[in-house]
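Chain identifiers are assigned alphabetically (A, B, ...) following the order of the sequence lines, protein sequences preceding nucleic acid strands; residue numbering begins at 1 within each chain.
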2 protein chains.
Amino acid sequence: MNDHRRYARAIELLRAAKLRPTRQRMALARLLFATGHRHVTAETLHDEALAAHVRVSLATVYNALHRFTAAGLLREVVVDGQRSCFDTNTTDHQHFFIEEEGQLQDIPAASVQITGLPAPPPGTSIRRVDVIVRVAKVSG
Amino acid sequence: MNDHRRYARAIELLRAAKLRPTRQRMALARLLFATGHRHVTAETLHDEALAAHVRVSLATVYNALHRFTAAGLLREVVVDGQRSCFDTNTTDHQHFFIEEEGQLQDIPAASVQITGLPAPPPGTSIRRVDVIVRVAKVSG
DNA sequence: CCAGTAAATTAGAATCGTTCTAAAATATTG
DNA sequence: CAATATTTTAGAACGATTCTAATTTACTGG
């Protein structure tokens, strides 16, 4: 994808999400959506932006991540109590979590089957089923 | 269960976990393990202790929760990025998470079947599969 | 039972990710 | 272009958690 296409794509994403295409959002959208699916935290994305010479504050990165998530462009993945992780893959899928590295890896939804879930508590309905497969490195 | 039995049980748990049975740990163990399974945060447990006139600092509650978890008496459940939740049910099971209330509810492991998990990433092995069924209240 | 020691508790400070605030900058609309 | 609404920002504030260093408590061997 060339620069022009990337630019057009970012504009389009933001417009569709009813978000003003500001310089900062454009740059973040391009970092997030230019290549294949990604997992980022506010801090990794902020660092990336700075490395790419995009002047943007951490507060704006948080802002953008939340707006993008609300607009359905991102999905938040909860893996540990410390930092929030955002996934550009918003389709139904699950995750491996490599504990030592704090790294996420997608598991296609197609492969995993969850059966036998009991009915949700009275007065509630299921919004999402999150599966985190926690893995640890083995020696050898 | 009467007081004496509870006391004996708490001592036993702590001894088995190679933790000195201090006044604070005894009190916390009794709060945690006296009745059926529970979900607590450091703060809810601290509040409970104070309400029961147990003088214990928040730092000690954090300490105890982590020691108990390391000893296998508790299991940590990650549901949101904000607070850590600890579950006295350490057997294989899953959770409903009621978003509005931040409340957890156990799902017996027996009912849920997860099939079709791909092999873990090279060099890793599966430590645990966490399933969080996120539910939201419905009107009516 | 006591002295010596190792471990645990504590208040308060420090830390870390995240959110808030209020002012300045930018985008949109007419 | 002016008027308005939205966004960005630095820095302060926040809340959960961890750390620090001093005090207290539990254990061990005599």
What is the first contacted nucleotide of DNA chain C and what is the last, in 5' to 3' order, if contact means an atom lying under 4.0 angstrom from a heavy atom of chain B? C/dA6 to C/dA11

Would you say A/F68 ends up clustered with A/V77 if hydrophobic residues are merged whenever their side chains have heavy atoms under 4.5 Å apart, either directly or through other cluster members? no

Atom CG of A/N63 to atom C1' of D/dT9: distance rounded to whole Å? 10 Å

Compare side-chain N and O positions of A/R25 against OP1 and OP2 of D/dT6 and report whether any pair is under 4.0 Å apart. no

Rounded to whole Å, how long is the line connecting atom CZ of B/F86 with atom P of D/dA16? 14 Å

For nucleotides 17-30 of chain D, read 5' to 3', which letter fits each nucleotide if B means a protein heavy atom sits under 4.0 Å from the base, S means only the sugar-phosphate is that close, and - means neither? BBB------BS---

Looking at side-chain heavy atoms only, is the closest gap between A/L28 and A/V54 below 4.5 Å? no

Side-chain heavy atoms under 4.5 angstrom apart, residues restricted to Ile, Leu, Val, Met, Phe, Trp, Tyr: same cluster for B/F86 and B/F97? no

So does A/R134 pair up with A/D80, basic N to acidic O under 4.0 Å? no

Can you list everything that forms a ring pair (Phe, Tyr, Trp, His ring centres under 6.0 Å) with A/H95? Sequence neighbours excluded, please. A/H39, A/H93

Side chains of A/L73 and A/F33: does their closest heavy-atom pair fall under 4.5 Å? yes

Kindly indicate whether the side chain of A/I132, heavy atoms from C-beta on, has any atom under 4.5 Å from the side chain of B/V129. no

Distance (rounded to the nearest 0.5 Å) between A/M26 CE and A/L19 CG: 12.0 Å

